[in-house]
2 protein chains.
Amino acid sequence: MTTLSPTPTFLDETNAERIVAVLREDIVRLTLKPGDPVSESETALRFGVSRQPVREALIRLSQLGLVNVRARKATRVVPISEKAVLDARFVREALEVEIMRRAAQMATPGWDRELRLLLGSQEEAVAAQDLSAFHALDEAFHRKIAELAGVGFVWDLIDAQKAQLDRVRFMTLDSNLALSLEEHKAITAAILAGDGAKAEGVLRKHLGKITTHLATGRQRFPDYFVSR
Amino acid sequence: MTTLSPTPTFLDETNAERIVAVLREDIVRLTLKPGDPVSESETALRFGVSRQPVREALIRLSQLGLVNVRARKATRVVPISEKAVLDARFVREALEVEIMRRAAQMATPGWDRELRLLLGSQEEAVAAQDLSAFHALDEAFHRKIAELAGVGFVWDLIDAQKAQLDRVRFMTLDSNLALSLEEHKAITAAILAGDGAKAEGVLRKHLGKITTHLATGRQRFPDYFVSR
DNA sequence: TGCCTCAATCTGGTATGGAAGATTGCGGCG
DNA sequence: CGCCGCAATCTTCCATACCAGATTGAGGCA
């Protein structure tokens with residue numbers, strides 16, 4: 001039974017916001033499976049609140065494309081759609097390519113330390129084969145580059161897209177951490193060298209892996225996908 | 001007094017959705033000015049509904065970055081922030097550059113007719129100096145390219161960003177329609193010729209105009225902007 | 001057996017009232 | 001005159017009740 005943290009009442013965080021965070025995690029990690037119904041009243045019971053904050057959380061999640069809310073029809077976790085995933089990839093790639101270009105232009109020697117720090121932590125995660133740690137560090141790495149390039153805001157958008165992509169990633173439990181780390185290193189080197197085109201090329205390949213994950217994921221969990 | 005269309009009840013469109021559309025337009029067209037309070041109860045009275053659908057509309061608008069909803073503080077139209085506008089431009093440019101590249105790669109002779117049709121309508125709007133018609137056609141043109149490139153979905157994201165940009169545009173009443181039309185023609189030609197780099201170049205310049213609008217807008221309406 | 005009908009029960013959308021924190025303005029005091 | 005405190009009034013957030021359409025399942029009929 002998930003209950004809302006009664007103690008911290010973190011700043012002014014509202015119930016609805018906490019519910020969004022929990023449900024989003026449930027959906028991305030496939031605890032709530034694609035197609036599962038997410039009833040307002042049941043969810044309200046689960047969190048020990050009324051329907052209202054749940055309802056508002058679902059509105060937010062629907063804007064993230066994670067649930068499908070229609071009048072007088074059951075709200076459901078949206079099935080994974082190949083098109084939606086590829087669209088999300090398109091958006092992420094477009095945004096992050098531009099970030100890479102900008103980062104390569106702006107790079108200063110001072111960046112070296114910050115990036116190598118993150119790469120070091122990734123080394124450890126790879127050595128320990130700690131998937132979830134690496135996943136978190138992966139995100140931190142990409143976000144850090146955006147922040148260094150002065151467009152940290154953009155990462156919030158990418159994060160929204162990533163929800164679609166992460167569901168696929170969690171289906172396949174992408175495990176080639178060493179390769180990802182190598183690509184991160186290549187990206188870092190290209191940026192520090194001011195070679196935007198190189199960074200762009202590596203990034204596109206880096207992100208392209210989602211297509212193979214998509215195929216294997218679809219094979220392993222066909223009923224998580226929208227029929228076509 | 002704005003009242004909700006009582007007749008159509010368009011499909012299953014909900015009150016909250018209609019309110020979103022109206023308020024968004026009010027904000028983008030500066031009928032609701034940056035900093036203006038948008039009270040739940042007053043807005044409910046205005047639309048002749050209860051506070052609940054208004055509240056949900058405000059949640060959606062806050063996710064679009066148009067209003068600022070905080071617990072127990074007055075909800076207000078977010079002031080225009082130079083950074084937010086430039087961020088929105090960054091996002092739009094990144095996405096649309098990628099669309100242009102893709103469009104140039106995929107272009108077929110069949111596209112010619114569709115695009116020239118829109119350009120023709122724009123000619124008329126320019127001749128009539130009909131700003132709002134041109135504005136609508138401008139959006140239709142960019143959206144059409146995205147659709148032709150098979151990524152119409154992406155335009156929904158751009159549309160969300162455009163809300164920030166359009167507020168500035170409405171402040172300055174950008175009137176150099178002829179120049180915009182010329183750029184549209186250049187973009188069309190580049191795409192049909194398969195010259196992605198050329199299309200990208202023109203587009204970047206096309207979108208770059210926002211910076212001058214930002215300057216003049218800030219000069220004319222300083223109190224619409226966030227202080228810094 | 002198979003299908004059709006209808007009622008019980010589900011769904012999300014809306015209305016309303018109350019609660020607690022924020023804001024505001026007035027009145028008293030130094 | 002200026003400042004402080006408090007009460008009236010605002011705000012959003014949440015709980016509860018009700019509504020109409022959708023779904024479902026059981027029962028009756030052919």
Side-chain angles (χ1 to χ4, degrees), chain A residues 2-23 27 32 34-79, chain B residues 2-23 27 32 34-79:
Chain A
T2 307
T3 180
L4 290 182
S5 60
T7 25
T9 305
F10 189 35
L11 249 79
D12 262 357
E13 192 175 347
T14 183
N15 281 346
E17 288 168 6
R18 279 190 288 268
I19 296 173
V20 166
V22 174
L23 287 185
I27 293 172
L32 281 172
D36 277 359
V38 187
S39 155
E40 286 185 2
S41 45
E42 277 185 27
T43 308
L45 245 59
R46 167 182 169 192
F47 287 101
V49 299
S50 83
R51 274 180 49 213
Q52 220 50 49
V54 171
R55 176 171 175 69
E56 298 176 3
L58 290 177
I59 290 175
R60 289 179 155 96
L61 290 172
S62 80
Q63 292 202 307
L64 291 178
L66 293 181
V67 300
N68 200 338
V69 178
R70 291 164 308 176
R72 278 158 266 129
K73 305 238 182 168
T75 295
R76 292 180 180 278
V77 177
V78 301
Chain B
T2 306
T3 178
L4 290 183
S5 62
T7 26
T9 303
F10 189 37
L11 251 80
D12 262 355
E13 194 176 344
T14 184
N15 281 345
E17 288 168 5
R18 281 191 287 269
I19 295 173
V20 166
V22 174
L23 288 185
I27 292 171
L32 280 172
D36 278 359
V38 186
S39 153
E40 283 183 5
S41 47
E42 279 185 25
T43 308
L45 244 60
R46 168 182 169 191
F47 286 100
V49 298
S50 80
R51 290 176 353 243
Q52 211 53 45
V54 172
R55 174 172 176 70
E56 299 179 0
L58 291 178
I59 289 175
R60 289 178 154 96
L61 289 172
S62 80
Q63 292 205 308
L64 292 178
L66 293 181
V67 300
N68 201 338
V69 175
R70 290 164 309 176
R72 289 172 297 270
K73 305 242 183 162
T75 295
R76 292 179 180 280
V77 177
V78 302

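So that the names make sense, note that chain A is the first sequence line, chain B the second, and so on, each numbered from 1.
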Self-check item: Sugar-phosphate only, base, or nothing, as touched by B:Val54 at under 4.0 Å among non-hydrogen atoms
Solution: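 Answer is nothing: B:Val54 stays at 4.0 Å or more from every strand.
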Hey, does the side chain of [X] come within less than 4.0 Å of [N]'s phosphate (OP1/OP2), counting only N and O?
{"X": "A:Ser39", "N": "C:dC10", "result": "no"}
{"X": "B:Ser50", "N": "C:dT14", "result": "no"}
{"X": "B:Thr14", "N": "C:dG13", "result": "no"}
{"X": "A:Arg72", "N": "C:dG13", "result": "no"}
{"X": "A:Ser41", "N": "C:dT11", "result": "yes"}

[X] has an atom [atom1]; how far is it from atom [atom2] of [N], in whole Å?
{"X": "A:Gln52", "N": "D:dA17", "atom1": "CD", "atom2": "P", "answer": "13 Å"}
{"X": "B:Glu42", "N": "D:dT9", "atom1": "CD", "atom2": "P", "answer": "16 Å"}
{"X": "B:Arg70", "N": "C:dA22", "atom1": "CZ", "atom2": "C1'", "answer": "11 Å"}
{"X": "A:Lys73", "N": "C:dG12", "atom1": "NZ", "atom2": "P", "answer": "13 Å"}
{"X": "A:Asp36", "N": "C:dT11", "atom1": "CG", "atom2": "P", "answer": "14 Å"}
{"X": "A:Ile19", "N": "D:dC13", "atom1": "CD1", "atom2": "P", "answer": "13 Å"}
{"X": "B:Phe47", "N": "C:dA15", "atom1": "CZ", "atom2": "C1'", "answer": "17 Å"}
{"X": "A:Glu40", "N": "D:dT16", "atom1": "CD", "atom2": "P", "answer": "15 Å"}

Can you identify which nucleotide, out of [options], has its nearest atom closest to the [X] side chain?
{"X": "B:Ala74", "options": "D:dT11, C:dT11, D:dA15", "answer": "D:dT11"}
{"X": "B:Asn15", "options": "C:dA15, C:dT14, D:dC13", "answer": "C:dT14"}
{"X": "A:Ala71", "options": "D:dA15, C:dT23, C:dG12", "answer": "C:dG12"}

Quiz item: How far apart are the closest heavy atoms of A:Glu40 and A:Val54, and which atoms are they?
Solution: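 Distance-wise, the nearest heavy atoms are O-CG1, 3.8 Å.
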Quiz item: What distance separates B:Arg60 CZ from A:Ile59 CD1, expressed to the nearest 0.5 Å?
Solution: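 Going from CZ on B:Arg60 over to CD1 on A:Ile59, the span is 4.5 Å.
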Quiz item: Can you find a heavy atom in the side chain of A:Arg55 that is under 4.5 Å from one in the side chain of B:Glu56?
Solution: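 Yes, at least one pair of side-chain atoms sits under 4.5 Å.
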Quiz item: Does any donor-acceptor pair link the side chain of B:Arg55 with the base of C:dG13 at a separation under 3.5 Å?
Solution: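 Between C:dG13 and B:Arg55, which were checked side chain against base, a qualifying N/O pair under 3.5 Å is absent.
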Quiz prompt | base_contact_polar (C:dG13 base, A:Arg51 side chain, donor-acceptor, <3.5 Å) | solution =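 Such a pair exists between side chain and base.
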Quiz item: Out of B:Val20, B:Ile19, B:Leu23, which residue meets the side chain to side chain contact (heavy atoms under 4.5 Å, CB included) rule with B:Leu58?
Solution: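 One option only clears the test, and that one is B:Leu23.
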Practice problem: Can you spot which of A:Leu64, A:Leu32, A:Val22 makes a side chain to side chain contact (heavy atoms under 4.5 Å, CB included) with A:Ile27? | Solution: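 Result for side chain to side chain contact (heavy atoms under 4.5 Å, CB included) with A:Ile27: A:Leu32.
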Quiz item: Start at the 5' end of DNA chain D and walk down; is the nucleotide closest to B:Thr75 or to A:Pro53 reached first?
Solution: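 With B:Thr75 and A:Pro53 compared, the 5'-side residue is B:Thr75.
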